[in-house]
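Here is how names work: the chains are called A, B, and so on, in the same order as the sequence lines, proteins then strands, and each is numbered from 1.
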There are 2 protein chains.
Amino acid sequence: MLSKKAKYAIHALIHLAKLADDGPVLISTIAEKENIPHKFLEAILLDLKKDGILASKKGKGGGYYLLKHPDEVNMADVMRLFDGAIALLPCVTYKYYERCEECKDEETCGIRDVFLQVRNTTVEILKAATLSQIIKIEGNLIL
Amino acid sequence: MLSKKAKYAIHALIHLAKLADDGPVLISTIAEKENIPHKFLEAILLDLKKDGILASKKGKGGGYYLLKHPDEVNMADVMRLFDGAIALLPCVTYKYYERCEECKDEETCGIRDVFLQVRNTTVEILKAATLSQIIKIEGNLIL
DNA sequence: TATAAAGCCTATAAACTAAGTAGGGTATAG
DNA sequence: CTATACCCTACTTAGTTTATAGGCTTTATA
């Protein structure tokens, strides 16, 4: 399951993507509209900023805004940022690779093979799911 | 990520599937061969028994053995048993459905759509991954 | 240049979960 | 009838998640 952090991040990002041309948005505004605890959201947005997805402006008239284009922000990246590896086994991850402790021989491990497939198809779908794409889907679903 | 419980369960099941015709296997034997803490494995095997996948025989000459055919035991079932829902969001699960708290409108939720796709393809792969299948793959990989 | 606005930073706490341990109870083959 | 081996309940320990508290720093603007 996704952590709340990741879920909140996605909601905040979509919120910001929809208002991409309206200048900085207050943490408080996002928190209220998206039902996210204010202080918790603060930490989340900071992480997204450190990762280069968002930028912020301090002081009066400040707030957060998207730095990357909505086309360039996908769910795989967001999930990795907050929840770590997408794969279900450490031995089939890309960035977080680790050997499975109890595994006797990785080469002939039939379990590995299955979960590698799962990882690959999952990453494919999540990479295609950009902010633009999600907003577009929501638009179509309303019809 | 899979819990250790689920991983241990898979290893134990494969172990038992390979020895399906040799009568009951001792917990101690599986624990030793698969590097699983004995007491922990005890609890895991009991869960698998309660779920109808394994059966056991008490007393001298006892142990655990597969009740279901290796064709009928797949990774989706094992994962659900130990780690709960396979989906990454509670609102796209089959058996464990729950509304996402922060979700304003499930009908028009673009996030839901993405994670429903992920769930469906994942379940498809995991259902196809039966014990027989995994053992077969391992056999082929050795070549 | 004071001052309010708004993000930044560190520490802490409460609740939950995962992983494993302890110790005895119960059934059964020989 | 006793050694064997699974069954059951409770507990512990460590780590993670989900926050909250409180003050610090930057900045627009009156």
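Using modelled atom types, no side-chain atom of B/Tyr96 and backbone atom of B/Ala87 make a donor-acceptor pair closer than 3.5 Å. A/Asp51 contributes no side-chain N or O that, together with a main-chain N or O of A/Ile53, makes up a donor-acceptor pair within less than 3.5 Å.
Listed nucleotides C/dC8, D/dC8, D/dC6 differ in distance to A/Lys49; the shortest reach to its side chain belongs to C/dC8. In this structure, the nucleotide among D/dT18, C/dC9, D/dC7 sitting nearest to the side chain of A/Lys4 is D/dT18. Distance from the side chain of A/Lys58 is smallest for C/dG7 among the nucleotides D/dC6, D/dT18, C/dG7.
Within 6.0 Å of OH in A/Tyr94 there are 12 or fewer heavy atoms belonging to other residues, nucleotides or ligands. Counted within 6.0 Å of CD on B/Glu32, heavy atoms from surrounding residues, nucleotides or ligands total 12 or fewer; the atom is thus considered open.
The nearest whole Å value for the distance from the CD1 atom in B/Ile44 to the C1' atom in D/dC6 is 15 Å. Atoms CG (B/Leu16) and P (D/dC6) sit 11 Å apart, rounded to a whole Å. Nucleotide D/dT26 holds its P atom 14 Å from the CG atom of A/Leu46, rounded to whole Å. Taking atom CG of B/Asp47 as the reference point, atom P of D/dC6 lies 16 Å away to the nearest angstrom. B/Leu2 places its CG atom 16 Å from the C1' atom of C/dT17, with the value rounded to the nearest Å.
For B/Pro70 against B/Thr130, the heavy-atom pair with the smallest separation is O-CB, 3.5 Å.
As judged by a 4.0 angstrom heavy-atom cut-off over every strand, A/Lys7 is placed among residues making no nucleic acid contact. A/Phe82 comes within contact range of no nucleotide atom at all, as no heavy-atom separation falls under 4.0 Å.
Using modelled atom types and a 3.5 Å distance limit, the side chains of A/Ser132 and A/Asp71 yield a donor-acceptor pair.
Within residues 17-43 of chain B, the residues that have a heavy atom under 4.0 Å from DNA chain D are, in order of number, B/Val25, B/Leu26, B/Ile27, B/Lys39, B/Glu42.
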Exercise for the section: Kindly indicate, with the supporting measurements, whether the criterion side chain to side chain contact (heavy atoms under 4.5 Å, CB included) is fulfilled by A/Phe82 and A/Leu48. Expected result: CA-CA 9 Å; A/Phe82 292 101; A/Leu48 287 166; 3.7 Å; yes
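Contact between the side-chain N/O atoms of B/Ser56 and the OP1/OP2 oxygens of D/dC7 is found at a separation under 4.0 Å. Look at A/Tyr8 and you won't find any side-chain N or O under 4.0 angstrom from OP1 or OP2 of D/dT18. Contact annotation: A/Lys60 does not reach the phosphate of D/dT26 (side-chain N/O to OP1 or OP2, under 4.0 Å).
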